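First the structure, in the form of structure tokens, and then the observations on it.
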There are 2 protein chains.
Amino acid sequence: MRADAQRNAEKLRAAAAELFQERGLKVPLKEIARRAGVSHGTLYNLFGTREALIDEVVAGLAADRLGEAAEHALSFEEAGEGFAYYAERVCELQATDPAVADVVSGRYPAAECLMAICGRAQDAATRIIERARLAGAIRPDFTGEDLLLFFGTNALLARAVADTAPDAWRRQVAFLLDGLSAETSQGPLSVAPLTPQQMYDVMGRLAGAP
Amino acid sequence: MRADAQRNAEKLRAAAAELFQERGLKVPLKEIARRAGVSHGTLYNLFGTREALIDEVVAGLAADRLGEAAEHALSFEEAGEGFAYYAERVCELQATDPAVADVVSGRYPAAECLMAICGRAQDAATRIIERARLAGAIRPDFTGEDLLLFFGTNALLARAVADTAPDAWRRQVAFLLDGLSAETSQGPLSVAPLTPQQMYDVMGRLAGAP
DNA sequence: AGCATTCTTGACCCTGGGGTCAACTTACGC
DNA sequence: GCGTAAGTTGACCCCAGGGTCAAGAATGCT
């Protein structure tokens, strides 16, 4: 790769990181190129697709943020507190960084690193929930799928309130967390959790896929 | 108004009602005209704006559905049951009828009838919540704004799952309702509910306004 | 039945996003 | 320092949706 191409790729990565974090993973690619001071043809030439760019720019960031949250959650003595920390922290990440919000609640099958990270995050979440369940801290029928769906709606809510009342999402989180304490269940749930394939479909549509 | 124009307006209203209920209030106007068997120019000529068409076609329907739900909710002996019925019923309406979903969680300032209906629905919801609160059936810090925000996210969730697992939203509703029972509150909420102006902003953005 | 008025039509414009490629420019090895 | 391979550019294409309007068609009054 020639030196100028290298430089342009770097400029594009920087611009993409900025814009993804400001406005989410759906910003127009032409706008990224504009901010990088480069023709959009160059962007297509160097990265080919949006997902390739996302994979290079966002994967590391997401891995850090989500990994840290999970690790910290598992370090709590009280499993219930760890779970509450994790749920609220992920929601907070979604609220403060649209890129993370889209990673958590989106669908990027061609972004390999990102997919790996999502898998790991999903596993961590399951462990955190399981631990809280075993400790009797949350109702036993709450699953990882339920949490992921909640994150999906939280991403949209957090973005909707961002300019108006940036903490408004916290109330919804509080209602969920307070309500999950084990004793509240009033009869069995009438619906089963979704299968992985269903989750994949649904998260795509939540994020606005065709 | 000439007889043919009258007929066309009727065909357009019928087509709009169908498409709004199938796909929500954002269907392309050209598609409505196509289904009505009429040029899209005619639609613009007869109705002018999307909101005018919505106001004529959807307002009555929404009033019926929401009014009935509220009325029935208030007829329960147990205020808490009435509240639970209302919340779940509105979510169900949203899940089964995208038009209602968009009415509840959207923003149509130029649609006068619709605005009036939304106001009345809002009032009814407040009464239902207040009644449940006075009966000690739900945590006292839950407000009408919280319920409306929940409806807003439910609209998106219900639409996302519609083709895959059409009842998946019920789990989230169950977590909320089970969790609102008065005893669960673990300390005061850290955030105040939104003001009407803020709600207006936020609902617009949730529904995907500019 | 004739004709003014009212309606309808569809071609047209605009916006904004994704994506391609021939022609130009630049870097770098020799 | 020069030729060639590598890289860049921006005009161009696509699509979908909103919206307008001159020309032509239909209605209904007299």
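Within every chain, numbering begins at 1; the chains are lettered A, B, ... in the order of the sequence lines, protein sequences first and strands thereafter. In this text, all values refer to a predicted model and were calculated from it rather than measured experimentally. Note that these values count all heavy atoms, side chains included, but never hydrogens, waters or copies made by symmetry.
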Report task. Please tell me which of Glu31(B) and Gln6(A) maps to the more 5' nucleotide of DNA chain D, matching each residue to the nucleotide holding its nearest heavy atom. Result -> Gln6(A)
Requested in this report: Return yes if some donor-acceptor pair links the side-chain N/O of Gln198(B) with the main-chain N/O of Thr195(B) below 3.5 Å, else return no.
Outcome: yes
Report summary line: Regarding the side chain of Leu29(B), the nearest nucleotide among dT8(D), dG10(D), dG18(D) is dG18(D)
Requested in this report: Between Leu43(A) and Ala3(B), just flag the one whose closest nucleotide in DNA chain D comes earlier from the 5' side.
Outcome: Leu43(A)
Report summary line: Leu12(B) atom CG is separated from dT8(C) atom C1', nearest whole Å, by 11 Å
Query raised in the report: What is the distance from CE of Met1(A) to C1' of dA5(D), rounded to the nearest Å?
Result: 15 Å
Query - Geometric cation-pi criterion, Arg131(B) with Phe83(B): 6.0 Å, 45° - result: no
Query raised in the report: Can you find a donor-acceptor pair, distance only, under 3.5 Å between Ser39(A) side chain and dG10(D) base?
Result: yes
Query raised in the report: Contact class for Asp4(A) (heavy atom, under 4.0 Å): base, sugar-phosphate, or nothing?
Result: sugar-phosphate
Report task. Nearest whole angstrom, please: distance from the P of dG19(D) to the CG of Leu53(B). Result -> 12 Å
Requested in this report: Please check the phosphate of dG7(D) (OP1 and OP2 only) for any side-chain N or O of Thr42(A) closer than 4.0 Å.
Outcome: no
Report task. Would you please confirm or rule out a distance under 4.0 Å between OP1 or OP2 of dC28(C) and any side-chain N or O of Arg2(A)? Result -> no
Query raised in the report: Choosing from dG7(D), dG18(C), dT9(C), which nucleotide comes nearest the side chain of Lys30(A)?
Result: dG18(C)
Report summary line: Testing dG7(D), dT27(D), dG19(D) for proximity to the side chain of Ala5(A), the answer is dG7(D)
Report task. Give a yes or no on this: more than 12 heavy atoms of other residues, nucleotides or ligands lie within 6.0 Å of atom CD of Glu31(B). Result -> yes
Report task. Verify the contact: side-chain N or O of Asn45(B) to OP1 or OP2 of dT8(C), cut-off strictly under 4.0 Å; return yes or no. Result -> yes
Query raised in the report: How long is the line joining CD1 of Ile54(A) and P of dG18(C), in whole Å?
Result: 11 Å
Report summary line: Winner on side-chain proximity to Pro28(A), out of dG18(C), dG17(D), dT8(D), is dG18(C)
Query raised in the report: Does Arg107(B) count as lying over the ring of Tyr200(B), i.e. NZ or CZ under 6.0 Å from the six-ring centre, within 45 degrees of the axis?
Result: yes
Query raised in the report: Within this structure, what is the CG-to-P distance between Asn8(B) and dT27(D), rounded to whole angstrom?
Result: 10 Å
Query raised in the report: The side chain of Tyr44(A) lies closest to which of these nucleotides: dT9(C), dT8(D), dT20(C)?
Result: dT20(C)
Query - Contact check, side chains of Arg159(A) and Asp102(A), non-hydrogen atoms, under 4.5 Å - result: yes
Query raised in the report: Rounded to the Å, how far apart are Arg7(B) CZ and dG28(D) C1'?
Result: 13 Å
Query raised in the report: Rounded to the nearest Å, what distance is computed from the CZ atom of residue Phe47(B) to the C1' atom of nucleotide dG18(D)?
Result: 17 Å
Report task. Using only heavy-atom distances, decide whether a donor-acceptor pair under 3.5 angstrom links the side-chain of His40(B) to the base of dG19(D). Result -> yes
Report summary line: Glu51(A) atom CD is separated from dG18(C) atom C1', nearest whole Å, by 14 Å
Query raised in the report: If you count the non-hydrogen atoms of other residues, nucleotides and ligands that lie under 6.0 Å from CD in Glu22(B), is the total more than 12?
Result: yes
